[in-house]
Amino acid sequence: MPSSHRSGSLKQSNKGHKSSVASKRALSRGQGAGKVNKAEKRSGPKGAALVGGALRKNRANEAQQSRDKKRQASLQQRRVGSLNAAAARGGPSAAGGASGPPKIVGVVCLSEGRGGAGGLGRVSEDAVRAHVLGLAAASATGPAPADPFQVPQLKGHLQLLTPLDFAPAAAGAPPGALPDSQFVPAALELARVCDVLVLAFDGVAAQLPPIQPQHASAAANPEGEEYPNLLSTQGERVLTALKSQGLPQAVGLLLLPEGSLAMSGVSKKNGGLTKGDRRKIDDLRKYTQRFLKGEMGDDVKVVEEDAVGAAPDAAMAPAPPAAPAAPAPPAPLAPPTPLLRVLVSTPPSPVNFSGASPRNYMAARSAAAAYDAAARTLSVSGFLRGRGALSVNGLVHVSGMGTFRLRSAAVKEGRGEPRVLTAVEGKQEEVERFAKADALDGEQNLVGFDGDDAAMAEFDDEEEAAAPAQARPAGWSDYQSAWLEDANAEELEDVGGGDEFDRGELSAMFNKKGGVTDGTEGEDVDMDDDGGISSAEREELARRRRSANEELEFPDEVQVDEEVQASARFQRYRSLKSFRQTYWDPKENLPDDYATLFHFSNFKATSKAVKADQKELAEDVAKKAGGDDMQDDDEEEDAEYKSMVESCALPNRQTQLVLEGVSPEQHALLAGRDLISLTTLLPHENKMSVLHFSVCQTLKCETTIDCGDDVPVKSKDVLTIQVGFRSWQARPIFSVNNLNSDKHKYERFLTPGAFMACSAYGPVTYGPAPVLIWREPRPGQSQRQLVATGTVLGADADRTVVKRVVLTGYPVRVHKRHATVKYMFYNPEDVNWFKPAGLHTKHGLQGNIEESVGTHGTFKALFNQPIKQHDTVCLTLYKRVYPKYAEDEGGGGEEGAADRIVII
């Protein structure tokens, strides 16, 4: 019998293959893709193990829940502006207003439709609103101009608003009487609250003989034709401002001559339009579509309608009441026009920073606002909008008035009684913007500048005749005023750099409320005949342009006069061995204004946490309103958070808000306004800090007076800054936004065509939020200039902005690495003072001061390489700079700080 071999203990065992890189199948299995392994287990919500098919079902269930949640959010957003079935049939909900919030449609006319001898134009905002109301006259029986109306054929619920409703003009004033400085802010306020924006064009006035284009419009009009009356000058300014702020969903409206659309398909024999007229209308339609798509994108819709000649008052006049004994039969519903179809079918898409952020906003009628002068309360009502949950303990900002606390909020849910939410004392947000600093704490950020230095005082006395008098509070002595920020030293920093005469006179002339004076009280400057421009203004404009040109050619270079001591002139400056690596303490020698500001350790983390908390709060409030339980399986909500949820109101509901602390002066600002807009503030958004923006100068930044070239925008000019829904006046500073350094170089002028950082004192605003910077018009002018646009970078009081000055000298005697330098200093004391500072040349050499030569400031220098005769020796100094308040009459610290900034 043959024997079989059996392996013993000495059997060879080879090692298995080990791959250094995992296979695609292993990677997919690790990520949970493909078929689930039956051996894979995962604990369920109650600790049960899910195996195989149960795990797949659990994943499918989670995905389905996520899709249902997104679908419900989309449906809730689409319900804005739609009617339910009962309202469409004219049932009880139509009368009771239970159909939900209307879709706000804003109307802005970009053609020449107002002003002049003709008064109201055919395509003014009121005329377009009357035209739309006339189209829906079968269902809108005489509504007020700004009241919601219904379109039962399309189950639509609309509300047409115009910029004139938000403008503080006298009641009944024609649109042509509204100045441009009020119309543009009103149009921006309208765009912040509306869901759809209609941009109307006058096709009747555009039917003039076309002219050849003079500007770069050939890309928008390849045929080489231009319609000069289609976009007016004011319409161009409004469109630029709207695009800079952000636009909701835009719809173009082209009003053609009356009967053009009805007769476009009728032959000439039947009395219709000729072939040439139809071709002209088609060219105008194509040009309008190309223009809007080039400005708004390819998804913009353009609608053509026949222009109406009826006056707005006649179209909006309420119908006479019918006799109760013999009710008239209901009029047949007219077929909806393309314009109404587009307005109803277009989904609401508000501005991003209003609709996508966790803030709430409301457009309320000013006439219905009840003001109690004794209690200083203002009651407003309207539909609450947005995606957040309004907290009755929070703050509300009213555009044009200010920020206020809420006393109560009455929310109407369904057909029952409104639910009243009352603010709790002690849990309300602080309405004070500034911090209460205590000088006895001894903190470093409370230490101000030491303006009592003897050398600096002696230098100020020498320049007292040339420098203007420093503004100080009434009753302050010379010793007390010395503790203020040294304005004279700030103004003299630009000596020798082409800006030695510019100490803010041009900014004061642009922003002076009264007549322009020459410094003598009660004495006016002689004005020229051409445009009312004084000779002093022309000189200041010429100096500013010359200084800006020299700054571009010789950046940061200054020249010290012979009679000026450089050691006293630049005693606040220091030399840095390396601009990027040398440490600069951000808390060192801060001004007194920083003691009243709020500092954030990490602004981005704070913004992210606040938005996440608000989003979670809105979800919990919605769950509670739907009857769901907010508690998790393994932890319970605390009582404080439950009370916070109960004190919140959901959007898309009729809400009445009672604001407290409204003074009679603030309520007087509502005079002449039909509508007001309110916006809720997130936590910390009412606190003052140092804001930073990323801005770029506009392409068409031109002056309001006829002085030739553009007027440069200089740091510390008085400008109006609009951030989101708030605006205020400030004196910002510009700097370069360095990404690889903690120090940022100060710029004296806003460089055209480049993005720069702009720093200013202002209320905290979480981004993303648009930034618009305006230059206010002079007295007698109606236009204000949009000088820069951008977005919010953050709030950081520790951001170090340093100003650089470069002292230059010339080598008069050269021997290899040694050189004798003149014209940098004019006395040996200055040479010894700046001897520790390093030197460099424009050709890249590094050097040091060895010794002084003679008595006229000449010195010997040694460089690392042989120096050329035509080279230039430079000494660079740095000093930290800070923004200022627009009204800087008050002292530093908390006293008078609130009077130097007004936020509306």
Side-chain angles (χ1 to χ4, degrees), residues 45 65-66 68-77 79-80 100-101 354-362 380-397 403-431 605-660 678-687 766:
Q65 289 178 355
S66 178
D68 293 342
K69 185 178 179 180
K70 294 180 181 179
R71 187 182 297 109
Q72 290 296 332
S74 178
L75 291 177
Q76 181 67 21
Q77 185 68 13
R79 288 193 184 101
V80 176
S354 294
S357 64
R359 302 184 184 93
N360 298 97
Y361 60 97
M362 176 191 296
V380 296
S381 61
F383 280 96
L384 190 66
R385 300 173 183 271
R387 296 189 178 182
L390 181 138
S391 176
V392 73
N393 296 321
L395 300 177
V396 172
H397 181 81
T403 304
F404 308 96
R405 281 181 173 177
L406 287 176
R407 175 169 295 183
S408 63
V411 184
K412 185 177 181 181
E413 298 179 351
R415 301 183 182 179
E417 294 294 327
R419 183 168 63 98
V420 180
L421 307 176
T422 306
V424 180
E425 188 72 22
K427 294 184 178 180
Q428 294 177 295
E429 290 281 345
E430 293 292 336
V431 74
T606 303
S607 174
K608 186 177 180 179
V610 167
K611 292 180 180 180
D613 293 343
Q614 293 298 316
K615 182 179 179 181
E616 182 181 359
L617 179 62
E619 293 177 355
D620 291 341
V621 174
K623 289 180 181 179
K624 186 178 184 302
D628 296 340
D629 190 7
M630 296 184 303
Q631 296 183 358
D632 295 336
D633 296 330
D634 53 351
E635 62 180 12
E636 297 181 357
E637 299 287 342
D638 54 349
E640 184 177 357
Y641 186 73
K642 286 185 178 180
S643 63
M644 184 187 303
V645 172
E646 293 176 355
S647 64
C648 294
L650 288 176
N652 299 332
R653 289 163 174 80
Q654 186 76 22
T655 308
Q656 182 180 7
L657 304 178
V658 179
L659 283 63
E660 64 179 14
L678 301 86
T679 308
T680 60
L681 299 183
L682 299 179
H684 312 302
E685 279 197 329
N686 195 44
K687 295 179 172 58
Y766 299 126

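Owing to the predicted nature of the structure, the values given are computational and were not obtained by experimental measurement.
- R387 contributes atom CZ, which lies 12.0 Å from atom CD of E619 (distance to the nearest 0.5 angstrom).
- Rounding to the nearest 0.5 angstrom, the gap separating the OG1 atom in T422 from the CZ atom in R407 is 10.5 Å.
- Judged by distance alone, the side chain of E685 and the main-chain N or O of Y766 form a donor-acceptor pair under 3.5 Å.
- Panel note: side chain Q428, backbone L406; a donor-acceptor pair is recorded below 3.5 Å.
- Looking at residues two or more places apart in sequence or on another chain, you find no ring-ring contact (aromatic ring centres under 6.0 Å, His included) involving F404.
- Residue S391 holds its OG atom at 8.0 Å from CD of Q614, rounded to the nearest 0.5 Å.
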Item to check | Working for side chain to side chain contact (heavy atoms under 4.5 Å, CB included), residues E646 and K624 | outcome: CA-CA 9 Å; E646 293 176 355; K624 186 178 184 302; 3.6 Å; yes
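- Taking CZ of R419 as the reference point, atom OG1 of T655 lies at 9.5 Å (rounded to 0.5 Å).
- Between the side chain of N652 and the main chain of P101, no donor-acceptor pair closer than 3.5 Å is present.
- Contact of the P683 side chain with the E429 side chain is registered, since non-hydrogen atoms from C-beta on lie closer than 4.5 Å.
- To the nearest 0.5 angstrom, S354 atom OG is 8.0 Å from R359 atom CZ.
- Residues E430 and R405 are paired through a salt bridge, judged by an N-O separation under 4.0 Å between the basic side chain and the carboxylate.
- Side chain of T680 to backbone of L390: no donor-acceptor contact under 3.5 angstrom is found.
- The side-chain heavy atoms of V392 and S647, taken from C-beta on, include a pair separated by under 4.5 Å.
- The CG atom of N360 sits 11.0 Å away from the CG atom of L678 when rounded to the nearest 0.5 Å.
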